[in-house]
K.L.:
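After the structure tokens below, expect a handful of questions from me.
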Amino acid sequence: MENKTNFSQLLSPFSIKGVELKNRVVFLPHEPYYGSEDHLPTEKHQFYYEERARGGVGLIVMPSLGVHPSGYYACQVAARKESLPRLKEITATVQAYGTKIFAQLTHYGNQTKSVETLQPTWAPSAIPDMTVREIPKEMTGEEIATLVKAFGQAAQLLMQANFDGFEIKVAHDGILRQFLSPAKNARKDEYGGSLQNRARIVIEVLKEIRPYIGDKPLGIRLCLDEFIPNGYSIDDAIEYAKLFNPFVDYINSDFGTWESMAYSLPSLNFEQGFHLKAIARVKKAVTVPVIASGRIIQPAMAEQVLESGTADLIGLARGLIAEPYWVKKVEAGEIEEISECTGCNQKCIGRLLQNRAISCVVNPASGFEENYSRQVLSSRSPNPQKVVIVGGGPAGLKAAELAARKGHQVVLFEKSDSLGGRVKLESSLPGKKELGGVIRYLTYVLNRLNVDIRLNTEATEREVLAEKPDLVVIATGASRLNNPGTYSIEDVLNNKVSGENVLVMDYDAGLEGTGAVEYLANQGKTVHWATPVFFNGQDNEVATVLLPIYGRLGTKKVIAHPMSVMVKFDNGQATLLNPYFNRTEILSGIEAVIVTGLRAADNALYAALKGKVKNLHLIGDAAAPRDTAAALADALSLSSNL
């Protein structure tokens with residue numbers, strides 16, 4: 001276990017224009033989708049930010065406060081006087097923990113929709129963002145002047161909310177980056193054409209804000225590479241950074257756009273620290289502090305970034321969503337107790353792109369801090385009991401952790417020789433090794449909490465009752481329902497699938513099915529990928545997880561058959577039915593069929609114990625076969641009974 005003294009840079013104070021941060025860790029601005037429909041902050045925001053402040057972070061940047069109605073987005077918080085009462089409560093709550101909080105200002109431009117603004121959307125030119133696909137209105141000179149003034153007026157108003165500093169968003173979304181982009185800005189006036197002209201509005205906004213905020217810090221969240229055709233690159237971003245340097249007190253690094261979101265929010269498809277080389281180039285080119293970002297997950301990497309001079313501060317978003325107490329645990333030298341972000345992007349980005357409030361797979365309490373804060377979950381029970389848990393998959397392990405933290409005596413039965421359940425399989429799939437982090441964390445914590453773990457023990461009704469438990473949790477998972485003559489995902493991973501022309505009948509449309517296809521394709525096989533859903537793999541997070549997988553599969557021999565189910569297989573011929581088009585398709589020469597996603601709950605032990613145990617609970621796949629996120633959330637919801 002690493003000691004606090006190993007992180008002298010990370011834990012050292014840092015000053016931004018006279019505002020003293022207690023450490024170098026920044027909770028990066030990110031839209032949690034907690035705002036009300038009329039663009040007001042909510043109590044949910046307050047509990048969310050309080051948990052990270054309590055966890056020790058040095059600075060929180062509250063994201064994307066809208067400066068003008070023409071650029072609002074659904075559930076975005078607006079810089080309006082009606083927002084001030086709650087914003088004051090949020091800043092006071094955060095500051096009570098010694099954490100500073102800045103306000104980020106933005107206008108979505110061509111990345112909102114007229115259904116939100118009730119008017120044509122504004123943009124530098126009549127060029128849409130291709131993820132939104134709505135053609136915007138090219139702004140007039142008068143509208144540009146209105147926008148610039150709106151940023152200043154928003155800052156003036158938000159001074160009343162007692163923010164410690166301000167930041168403008170010139171990042172993966174927002175109209176100011178759209179002005180910088182040669183792909184989105186085709187103007188012929190003083191706001192288009194040359195790099196200096198495209199930067200003009202950003203400098204005007206910075207100058208407009210400064211008189212209203214006095215000596216408070218003013219930073220910029222700057223996209224350093226758009227990663228889109230005809231967009232600007234890191235070389236251009238360095239020139240932009242030099243232009244903005246005299247007007248800002250720090251640069252907060254950012255990458256990509258909605259059209260290249262895999263680079264904005266890199267998933268486990270990308271290596272940790274993916275953007276650090278580009279950030280180091282910007283740092284060398286400017287004189288103001290730089291905040292690093294982009295899959296910085298482990299404290300050791302964060303410390304190295306600071307020691308090497310790559311950046312001055314460490315920006316974390318998903319890392320602090322997954323582990324709000326990241327800083328506190330670093331301070332205490334409890335590195336192994338950090339519940340690391342796995343980069344799955346399923347409940348953060350995945351939910352956000354569905355216009356839903358974000359949460360986290362490995363930390364299902366995220367977004368529900370009012371009821372499930374760390375303080376609540378770790379409060380000792382006044383009446384310790386004996387808890388028996390059957391099943392060492394994610395649901396059972398999480399339930400064991402929560403029960404043990406409450407002070408209960410916990411016995412956990414697992415019939416196999418190792419813990420992990422479905423996660424063992426999922427983390428064995430191509431590119432999914434980091435998913436095993438949740439089991440690493442839970443295994444470590446259960447050992448530290450002295451949970452009685454009994455491996456190679458298939459619990460029976462008799463064995464459970466012999467423990468004289470006060471509460472029993474059944475988390476025995478699910479069994480596969482593959483037809484005779486077909487292969488399972490386990491067969492795939494154990495290299496039991498023979499033949500060079502195979503069919504994956506994917507009822508899963510998530511990790512399992514997608515992983516089976518990629519595993520087989522990597523062996524050089526021709527893989528027909530059939531699925532009943534509208535597009536293959538659609539239950540993965542699409543923008544940052546599935547699309548990079550598509551990119552890899554595009555170089556392999558993979559043929560997709562969406563909206564299709566296999567209705568017959570005989571003598572190497574598979575008949576697929578597309579019920580939406582009412583068509584059939586016959587695939588010949590199929591040498592093996594792999595079926596994924598068909599499972600049935602293993603709940604026999606629960607049925608046997610029903611009526612014999614006063615407190616009996618069924619969670620995870622044993623209740624209903626779903627995914628790891630659901631299994632962990634089931635365990636969290638059980639905590640109120642512990």
Side-chain angles (χ1 to χ4, degrees), residues 28-31 63 110-111 128-133 169-174 177-178 181 183-184 221-234 237 252-279 292-297 315-319 321-322 340-355 358 360-361 426 429-435 509-511 514-515 517-518 521-522 535-556 558 560:
L28 291 173
H30 57 282
E31 179 55 66
N110 71 8
Q111 289 169 289
D129 182 287
M130 294 310 295
T131 66
V132 178
R133 297 177 291 106
K169 191 173 189 179
V170 191
H172 55 274
D173 55 48
R177 193 263 312 152
Q178 293 158 26
S181 174
K184 304 301 176 185
R221 185 94 197 267
L222 180 62
C223 172
L224 302 185
D225 194 326
E226 289 192 288
F227 292 103
I228 60 174
N230 303 315
Y232 69 81
S233 68
I234 178 60
N252 192 353
S253 64
D254 183 72
F255 293 84
T257 78
W258 286 2
E259 295 176 13
S260 56
M261 193 172 289
Y263 295 93
S264 299
L265 302 152
S267 68
L268 75 178
N269 286 301
F270 294 85
E271 65 181 353
Q272 296 182 18
F274 174 67
H275 291 308
L276 290 175
K277 290 182 180 178
I279 293 167
S293 65
R295 294 215 75 208
I296 302 171
I297 295 172
L316 305 177
R318 290 168 292 172
I321 297 172
E340 293 179 353
C341 168
T342 63
C344 72
N345 285 1
Q346 183 179 343
K347 288 178 72 174
C348 50
I349 312 310
R351 286 182 61 85
L352 185 64
L353 295 181
Q354 296 172 3
N355 289 344
I358 69 169
C360 179
V361 170
E426 292 170 350
L429 297 170
K432 300 297 188 289
K433 182 178 179 181
E434 287 187 61
L435 296 179
L511 282 170
T514 309
V517 169
E518 187 166 14
N522 287 345
F535 61 92
N536 295 67
Q538 74 175 40
D539 287 350
N540 293 279
E541 191 286 311
V542 175
T544 67
V545 175
L546 182 60
L547 293 185
I549 293 173
Y550 275 3
R552 297 197 297 268
L553 293 180
T555 67
K556 311 289 184 181
V558 175

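As the structure is a computational prediction, the values presented were derived from the model and not from experiment.
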K.L.:
If you measure from OG on S181 to CD1 on I228, what distance do you get to the nearest 0.5 Å?
P.N.:
4.5 Å
K.L.:
Passes side-chain contact (heavy atoms from CB on, under 4.5 Å), L553 versus V517? Steps please.
P.N.:
CA-CA 9 Å; L553 293 180; V517 169; 4.1 Å; yes
K.L.:
Could you tell me the separation between the OG1 atom of T342 and the NZ atom of K432, rounded to the nearest 0.5 Å?
P.N.:
10.5 Å
K.L.:
Do the non-hydrogen side-chain atoms of L265 and C348 ever get within less than 4.5 Å of each other?
P.N.:
no
K.L.:
May I ask you to decide if A171's main-chain N or O and R177's side chain share a donor-acceptor pair within less than 3.5 Å?
P.N.:
yes
K.L.:
Rounded to the nearest 0.5 Å, what separates atom CD in E426 from atom CG in L435?
P.N.:
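One gets 6.5 Å once the value is rounded to the nearest 0.5 Å.
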K.L.:
Does atom CG of N230 have more than 12 heavy-atom neighbours, drawn from other residues, nucleotides or ligands, at distances under 6.0 Å?
P.N.:
no
K.L.:
Heavy atoms, side chains only, cut-off 4.5 Å: are C341 and I321 in contact?
P.N.:
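They are not in contact (no side-chain heavy atoms under 4.5 Å apart), so the answer is no.
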K.L.:
Quick check for you: to the nearest 0.5 Å, what is the distance between D254 atom CG and E226 atom CD?
P.N.:
10.5 Å
K.L.:
Any side-chain heavy atom of L224 sitting closer than 4.5 Å to one from H275?
P.N.:
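L224 vs H275: side chains apart.
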K.L.:
Checking side-chain contact (heavy atoms from CB on, under 4.5 Å) for the pair I296/L316: CA distance, chi angles, key distance, verdict?
P.N.:
CA-CA 7 Å; I296 302 171; L316 305 177; 4.2 Å; yes
K.L.:
Does Y263, at its OH atom, have more than 12 non-hydrogen atoms belonging to other residues, nucleotides or ligands within less than 6.0 Å?
P.N.:
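No, because the 6.0 Å sphere around OH of Y263 holds 12 heavy atoms or fewer from other groups.
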K.L.:
Could you check whether any side-chain N or O of K184 sits under 3.5 Å from a backbone N or O of P128, counting only pairs where one atom can act as donor and the other as acceptor?
P.N.:
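At least one qualifying donor-acceptor pair exists.
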K.L.:
Would you please test S267 and N345 for side-chain hydrogen bond (donor to acceptor under 3.5 Å, both in side chains) and show each step?
P.N.:
CA-CA 6 Å; S267 68; N345 285 1; 4.9 Å; no
K.L.:
Is the shortest distance from a Lys or Arg side-chain nitrogen in E434 or R295 to a carboxylate oxygen in the other one below 4.0 Å?
P.N.:
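Result for this pair is yes, salt bridge flagged.
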K.L.:
Which value, rounded to the nearest 0.5 Å, describes the distance between N110 atom CG and M130 atom CE?
P.N.:
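One finds 10.5 Å between CG of N110 and CE of M130.
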K.L.:
Does L353 reach the side chain of M261, with side-chain heavy atoms less than 4.5 Å apart?
P.N.:
yes
K.L.:
Identify the two heavy atoms, one from D173 and one from K169, that lie closest to each other, and give their separation to 0.1 Å.
P.N.:
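Closest approach of D173 to K169: OD1-NZ, 2.6 Å.
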K.L.:
When you measure from the side chain of R221 to the backbone of S253, do you find a donor-acceptor pair of N or O atoms at a distance under 3.5 Å?
P.N.:
yes
K.L.:
Looking at every non-hydrogen atom in both residues, tell me the closest pair between A237 and L222 and how far apart they are.
P.N.:
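Heavy-atom minimum between the residues: O-CD2, 4.2 Å.
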K.L.:
Between Q178 and Q111, is any pair of side-chain heavy atoms under 4.5 Å apart?
P.N.:
yes
K.L.:
Applying side chain to side chain donor-acceptor pair (under 3.5 Å), name anything that partners N540, two or more places apart in sequence or on another chain.
P.N.:
T514
K.L.:
Rounded to the nearest 0.5 Å, what separates atom CD1 in I234 from atom CZ in F227?
P.N.:
8.0 Å
K.L.:
So E518 and L429, do their side chains get closer than 4.5 Å, heavy atoms only?
P.N.:
no
K.L.:
Between R552 and N522, do the side chains contain an N or O donor and an N or O acceptor separated by less than 3.5 Å?
P.N.:
no
K.L.:
Any idea which heavy atoms bring Y550 and N536 closest together, and the distance?
P.N.:
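Taking Y550 first and N536 second, the nearest heavy atoms are OH-O, 2.5 Å.
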K.L.:
Looking only at non-hydrogen atoms, find the nearest pair between P229 and A183 and report the distance.
P.N.:
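Shortest heavy-atom separation between P229 and A183 comes out as O-CB, 3.7 Å.
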K.L.:
So which heavy atom on V170 is nearest to which on Y232, and how close?
P.N.:
O-OH, 4.5 Å
K.L.:
Tell me, do F255 and P266 make a side-chain contact under 4.5 Å, heavy atoms counted?
P.N.:
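F255 vs P266: side chains apart.
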K.L.:
If you compare all heavy atoms of A521 against all heavy atoms of V558, which two are closest, and at what distance to 0.1 Å?
P.N.:
CB-CG2, 3.7 Å
K.L.:
Do N269 and T544 come within less than 4.5 Å of each other through their side chains, counting heavy atoms only?
P.N.:
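Counting from C-beta outward, N269 and T544 never come under 4.5 Å.
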K.L.:
Counting distance only, does the side-chain N/O of E541 pair as donor-acceptor with the main-chain N or O of A543 below 3.5 Å?
P.N.:
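Yes.
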